[in-house]
Amino acid sequence: QIMSVERVFDELGHFKRFQICLYFAAVFQAIACGIHYLASVFLVQKPSFVCVPPGNITNVLYGNITGTSLEEVLPFFKPTNGPLVVQTEGGRQWELSACQFAERMNPTDFTHELRVNSTTEKCHWNSLYVFDHSEVYQSIVTDWDLVCDREWLAKLCQPTFMLGVLVGALVFGDIADRVGRRKILMLTSLCQFVFGVSVALAGNYYLFMVLRFLLAMVSSGYLVVVFVYVTEFTGNKVRTWTSMHVHAAFAVGIMIVAITGYLVRTWWIYQIILSTCTLPFLLFCWKFPETPFYLMAKGRLRETQVLLDSIARFNGLEPGHLRAEDLLEKGGPLLEKEVELEGKLSILNLFATWRMAWRTMTVWAVWFIGSLGYYVFSLGSVNLGGNQYINLFLAGAVEVPSYLIGCYAMDRLGRKKTCAPALLLAGTACMLIILVPNDIEVLAIILNMTGKFAIAIAFGLIYLYTCELYPTVIRSLAVGSGSMMCRVGSVVAPFCVYLADIWQYMPQLTVGILAFIIGVLTLWLPETLGEPLTSTMEEAEALGRKKIPEAKKDLEEGVEMNLKQSG
């Protein structure tokens, strides 16, 4: 008896006890990926600070607040409300702001009013800074004075991490196809723990950045491979749900970052706690089996048979009923032909016709805005006003219902009718931020969370939608190139967040405009719900075209032939 690949799940169960245990164990470590991707939000916190003038300070004045040291007054200091005024030994007076100080010339009395007759000096990299430790006790900014002319070093933290994510996806995705999914899952999990703790122990900024880059590579590697791993262990009846809810585990990681950041205000302790919270995974990940399809592709039939029997036994079925040889009999030659054909293909095949080129550009745009919006809403949530810890927690929590609703809508309404409205909703919610008065922070937060909710739906479904839009011969190319656009979006996202320096809601507005435009473009993509996966370019290009009934088609062909004959 010859069996198809999906027959494995028809015989052994699409999502029975074996797959359930394996799925939740594998997804558990995806929480660590969410943690490390967003950890920098609180690693690079910049509290209020001033540059200290020469001499010992004896008196401090800020509005109606007085004190004998800067630490007493800094919790109340806001640079936009004027400078701190200090007096040093000998009666010299100084006006202090974040990155400069000015000495008053010939002062007569000690008041908060600004003096015109003063000499101003800018703070340099070797200046002495005093930070407000009431909210942030210790961050890399306070430890290494990453402010003023060194502030750009702190702002490089997240873009560099996202660059590591891009490199890791390329490196480990390729290696996993060569050495197996199981080995990469184990290696990247172990390295996540080692590099995560090492980051906390970094003694200087440059070592910190190198270790964070390596941490990004292994975190990305795990996340890329775990999608493949859970897909190859679950049947098509539940594949939409299992692939979407890997993202939900990532969202749990974001919530853990928010809670830990609230409870721990010292960056290296915070980093160690975040790195060790998924440590239990290392105790049992070595028990993970390799996927049966990878073993079959490598011709390791005996190991495949042992695994199939183990799955059957664990799921309460009779072992030995499903034979690995039967699966390979049909899959082997076909697989070899596909590999031979794929070797002759390039990314140019995604643009083979105008129709396919339009489809590719639109799909890439969805990948890009999905990633860009996801990280802008997450990273930028702490700049919205109100409690930054609650904001980040909500940014993670809102994803869980978005994936539930997204899965339901994909199976009921269709892929296009879920993706396009989600992007349009995200765009509309973000553009409405323009109308929010500055004193109504709650409304801005609600609109931001609505945008995150909607963009998460589009970001979650684009993986599966891309697979269904392209034929077998270029499906891997399509998903791989889309994933590259996703990584580009994640690298751009931190720079987009820095637009908040221009206007508080500028990042959200930028994403909103792009999401709305791309949402409109998505309306021209074909629907794939209920359609079989295509094998050839002709079949893929025909997606979305109205099918002509056979009788009508024959009649039209007959009329066309008569016209030609009469002509």
Start with the C-alpha gap between F459 and I455, add the side-chain angles, then the distance that decides, and say whether side chain to side chain contact (heavy atoms under 4.5 Å, CB included) holds.
CA-CA 6 Å; F459 193 31; I455 210 78; 5.6 Å; no

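Contact between A395 and V398 at its shortest, heavy atoms only, is O-CG1, 3.5 Å.
Looking only at distances, a side-chain donor or acceptor of T276 sits under 3.5 Å from a matching main-chain atom of I273. A donor-acceptor pair under 3.5 Å links the side-chain atoms of S220 to the main chain of V165, judged by distance alone. Between the side chain of N391 and the backbone N or O of V382, no donor-acceptor pair lies under 3.5 Å. Listed for the S275 side chain is a donor-acceptor partner under 3.5 Å among the backbone atoms of G196.
The closest side-chain donor-acceptor pair between T234 and Q19, if any, does not fall under 3.5 angstrom. Donor-acceptor pairing under 3.5 Å is recorded for the side chains of K452 and S378.
Under the 30°/60° scheme for interplanar angles, the aromatic rings of F281 and F284 are found to stand perpendicular. Relative ring orientation between F161 and Y37 is described as perpendicular, the plane-to-plane angle rising above 60° on a 0-90° scale split at 30° and 60°.
At least one side-chain heavy atom of T188 sits under 4.5 Å from a side-chain heavy atom of F172. Residues L432 and T428 are in side-chain contact: their nearest non-hydrogen atoms beyond the backbone lie under 4.5 Å apart. F516 places none of its side-chain heavy atoms less than 4.5 Å from the side chain of L423. Between R359 and Y470, some side-chain heavy-atom pair lies under the 4.5 Å cut-off. A 4.5 Å side-chain heavy-atom check between F368 and C486 finds every atom pair outside the cut-off. Two residues are said to be in side-chain contact when any heavy atoms from C-beta on lie closer than 4.5 Å; L185 and Y229 meet this criterion. You'll find the side chain of E303 stays beyond 4.5 Å of the side chain of E290, heavy atoms only. Counting heavy atoms from C-beta outward, S219 and F195 have side chains that stay 4.5 Å or more apart.
The aromatic ring centres of Y23 and F15 sit less than 6.0 Å apart. In this structure, Y374 has its ring center at least 6.0 angstrom away from the ring center of F377. Taking the ring centroids of F42 and Y389, they lie under the 6.0 Å cut-off. If you look at W364 and F351, their ring centroids are closer than 6.0 Å.
Annotation: the span from T260 atom OG1 to Q271 atom CD amounts to 10.5 Å, rounded to 0.5 Å. The distance from the CD1 atom of I254 to the CG atom of L38 is 4.5 Å, given to the nearest 0.5 Å.
A cation-pi geometry, defined here as NZ or CZ lying under 6.0 Å from the six-membered ring centre and within 45° of its normal, holds between R17 and F314.
Looking at E468 and R415, a side-chain N of the basic residue comes within less than 4.0 Å of a carboxylate O on the acidic one, giving a salt bridge.
Counting heavy-atom neighbours within 6.0 Å of Y262 OH, excluding the residue itself, gives a total of 12 or less.
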